[in-house]
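Contents: one structure, followed by commentary.
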Protein chains: 2
Amino acid sequence: MPAAAIRARARAEMISEIKMIARRHLETEGANLSLRAVARDMGMVSSAIYRYFPSRDELLTALIIDGYHALGDAAEAGDAEVTDRADLRGRWLTVCHSIRRWALAHPAEYALLFGSPVPGYAAPQDTTAAAARTPAALIGILTDGFAAGALTDPGPGELPGPVQADVATVRATLFAGLPEALLARGATAWIHCFGAVSFELFGQLNGVIEARKEYFDHQMRQMCDLIGLP
Amino acid sequence: MPAAAIRARARAEMISEIKMIARRHLETEGANLSLRAVARDMGMVSSAIYRYFPSRDELLTALIIDGYHALGDAAEAGDAEVTDRADLRGRWLTVCHSIRRWALAHPAEYALLFGSPVPGYAAPQDTTAAAARTPAALIGILTDGFAAGALTDPGPGELPGPVQADVATVRATLFAGLPEALLARGATAWIHCFGAVSFELFGQLNGVIEARKEYFDHQMRQMCDLIGLP
DNA sequence: CGTCGTCAAGAGCACTGCTCTCGAAAATGT
DNA sequence: ACATTTTCGAGAGCAGTGCTCTTGACGACG
């Protein structure tokens, strides 16, 4: 192995160690991540971190992208563990529960992805591809179902004109195999999944609903009905 | 007016001026509110703020409670502006749009109420009463509709056991006039309203949906269907 | 007039992100 | 084998943060 490759390797390991420690701090301290604290934990001086990340925001961006991929992995793994591929409702519910379980296991990372945007921080374009993986896992179930004839197209009549135009664009770029109306219903269900997880995680359910998992399941089943999943 | 009353009045005005300036900072700077900046804007020294708020968290709590009340006001005002009180769907949609409009007009305050919880900050019990006003405005529409015979009770069969127990508690303490199943459907619709607003406000819709208002309206109508609003 | 409570100011502590400079070490070029 | 360039970590320093403590001024009340 040439020396340059060794250096690159050491550098990559350094970067991943910084991210690991930063993630650990994130879990206990929340979104206001301290570079100095991370540096302290690594036995380095704070300025040394800047050799690997040009700013705190760049480190946050890296953590966000990693987070989107981790959530996407969880969603895809959830879908994959359903052996009966024709059980669309089972697949949908399993993916939703996988999303919720990941969020409960990594609350700070979830808040970073889906919570209030960090002030003065604009998510760069790089994040969108990673962010699309989780909804893509959900919509993929609908695509499978429509291809198998288990889902019927409600027809474009239920979408208002401007919305249909937006949905058509998304359909053209990502989900060519699915009618617009079904895609829109899937988006509604995905948004409700996000809403239910956020509502629970951000404390809005405190003192109101104790049977969290059952309540989430109930809502996701309502969304399955809305989509028309058999 | 006795001197003590004058002092109390000056104190109250001082407190409300601090909150006003803090709100202004919140709108431009986001959640990480700087006490020193607020003090600078008031022509005071930072330590003087502590005469009125024992800590930054206490100031945030005051802003949160004010925010919940402002949102509750907006929701109730939205409901009140529908003259045809029997038009349940119109009232529901108007309230939802009022909520969204308030959120768009006060994004930082909305994020404070419904976004990622501030790390190390636990919302005190005082906030829950104020927080309940907005969902109460929505559920009140359903109560009216059920009392008028325009809404039919779907029956308790659609709720899983543990969820029904939680819903029964809420019903007993707040919404005695509404069947549990309808209350649960209303809660689902309220959560979706929150989810749709947060999804939009927290940037998840960027580059995907441009017809924001129409898309929101479409989703809220889907929720009206789910509730069974005529 | 003296006392007491209220208020703002100022200094100071420990912390933050970030920049700059400097020295050591390693890799590269001749 | 020697000289040069690149890479990396350390340290100092700047401007900012929340918060505490002390000090001094002012008005109200006995």
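What you see below is based on every heavy atom in this structure, not just the backbone, and it leaves out hydrogens, waters and symmetry mates. Numbered from 1 within each chain, the chains take letters A, B, ... in sequence-line order.
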Can B:Asp217 and B:Arg221 be counted as an ion pair, charged N to O under 4.0 angstrom?
yes

Going by atom types only, do A:Ser116 and B:Tyr110 share a side-chain donor-acceptor pair under 3.5 Å?
no

Scan for ring pair (Phe, Tyr, Trp, His ring centres under 6.0 Å) pairs involving residues 11-68 of chain A, sequence neighbours excluded, and state none if there are none.
A:Tyr68-A:Phe114

Measure from CZ on B:Arg11 to P on D:dG27 and round the result to the nearest Å.
19 Å

With a 4.5 Å heavy-atom cut-off, do A:Met14 and A:Met44 have their side chains touching?
yes

At under 4.0 Å between heavy atoms, which parts of nucleotides 8-20 of chain C does protein reach? Answer with one letter per nucleotide, 5' to 3': B base, S sugar-phosphate only, - none.
BBB-B---BBBBB

Does the side chain of A:Gln219 come under 3.5 Å of the side chain of A:His192 through a donor N or O and an acceptor N or O?
yes

Verify, without hydrogens or angle tests, whether B:Asp126 (side chain) and B:Ile65 (backbone) share a donor-acceptor contact under 3.5 angstrom.
no

In this structure, how many angstroms lie between the C1' atom of D:dC8 and the CZ atom of A:Phe53, rounded?
16 Å

Specify the separation, in whole Å, of atom CD of A:Glu17 and atom C1' of D:dC8.
15 Å

Whole-Å distance, A:Ile15 CD1 to D:dG9 P, equals 11 Å

